[in-house]
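Read the structure below first, then the notes.
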Amino acid sequence: MSHRYWLMKSEPDAFGIDDLEVSKNQTTHWEGVRNYQARNFMRDDMKPGDLIFFYHSNANPLAIVGTMKVASEPYPDPSQFDPNSKYFDEKATEENPRWYLVDVKLVEKFDKPVLRDDIKKEESLSDMLLIKRGSRLSIQPVQEHEWNRVMEMAHSA
DNA sequence: GCCAACGTTGGC
DNA sequence: GCCAACGTTGGC
């Protein structure tokens, strides 16, 4: 049973939805994930066309700011091989990569971001990993009903 | 800026 | 393979 909906975090100071909007083809390599669980989601479970919430962490406001879709098959994250990259991993080799990524493409930037505070108030979203205490996963699966509810909140007047 | 929660590393 | 020490995440 594979997931079709995801949530990915990024700090807008490093890379926010406005950066994605101006990227070539509004697409980017989601580089720099160095957590095995998050990597496994990208490497093993994501399929092209899967839909993704873009979440701004360490930001003001904390919010889901739009949607993206998976735009490639998984492939090794090139930054792990680059000694000049802050994501360089000396234990990774071309023959035996450690880190994988997918390309993501912007689908929609919300006119009205869905605030973390509002998600926390929403009974039907109480199981979202995002608001679970201590949850730090930077890539998370999202349930279909959670996806639908957040989309309603984003588009309500 | 603080710090709780979590993941990783490395000595044993 | 345990676990203490350390580094990071990320909300507050």
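All values below come from the heavy atoms of this structure, side chains included, with hydrogens, waters and symmetry mates left out. Residue numbers start from 1 in every chain, and the chains themselves are labelled A, B, ... in the order their sequence lines are given, proteins ahead of strands.
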- Can you run down the side-chain hydrogen bond (donor to acceptor under 3.5 Å, both in side chains) pairs that involve residues 10-20 of chain A, sequence neighbours left out, and say none if there aren't any? A:Glu11-A:Asn58, A:Asp18-A:Lys109
- Task: Starting at atom CG of A:Leu130, determine the distance to atom P of C:dT9, rounded to an integer number of angstrom.
- Result: 16 Å
- Message: Starting the side chain at C-beta, find the nucleotide from B:dT9, C:dG11, B:dG7 nearest to A:Arg98.
- Response: B:dT9
- Query: Which sits closer to the 5' end of DNA chain B, A:Tyr36 or A:Asn58, going by the nucleotide each is nearest to?
  - Reply: A:Asn58
- Out of B:dC6, C:dG10, B:dT8, which nucleotide sits closest to the side chain of A:Lys9? C:dG10
- Message: Checking contacts here: which listed nucleotide (C:dG10, C:dC12, B:dT8) is nearest the side-chain heavy atoms of A:Arg116?
- Response: C:dC12
- Message: Rounded to whole Å, please give me the gap between CD1 in A:Ile64 and P in C:dG10.
- Response: 14 Å
- List in chain and number order the residues that pass side-chain hydrogen bond (donor to acceptor under 3.5 Å, both in side chains) with A:Tyr87, two or more places apart in sequence or in another chain; answer none if no residue qualifies. none
- Atom-pair distance (CG on A:Asp13; P on C:dT9), nearest Å: 14 Å
- Task: Please state how far atom CZ in A:Arg34 lies from atom P in C:dG7, giving the value in whole angstrom units.
- Result: 19 Å
- Just how far, in rounded Å, is P of C:dT9 from CE of A:Met8? 15 Å
- Message: With side chain to side chain contact (heavy atoms under 4.5 Å, CB included) as the test, pick out the partner of A:Leu7 among A:Ile64, A:Leu129, A:Leu137, A:Val150.
- Response: A:Ile64
- Listed nucleotide nearest any side-chain atom of A:Lys120, set C:dG10, B:dG7, C:dC12: C:dC12
- Task: Check every atom of B:dT8, C:dG11, B:dC6 against the side chain of A:Arg136 and return the nucleotide holding the closest atom.
- Result: B:dC6
- Message: With a 4.0 Å cutoff (strictly under), does any side-chain N or O of A:Tyr55 reach OP1 or OP2 of C:dG11?
- Response: yes
- Taking the side chain of A:Gln37 as its heavy atoms from C-beta onward, which of B:dG7, C:dG11, B:dT8 lies nearest to it? B:dG7
- Message: Expressed as a whole number of angstroms, how long is the span from A:Glu11:CD to C:dG11:P?
- Response: 9 Å
- Message: Categorize A:Lys132 for me: base, sugar-phosphate, or nothing, with a 4.0 angstrom heavy-atom threshold over every strand shown.
- Response: nothing
- Query: After noting the C-alpha distance and the side-chain angles of A:Trp99 and A:Tyr36, does the key distance pass the ring pair (Phe, Tyr, Trp, His ring centres under 6.0 Å) rule?
  - Reply: CA-CA 8 Å; A:Trp99 306 110; A:Tyr36 289 107; 4.8 Å; yes
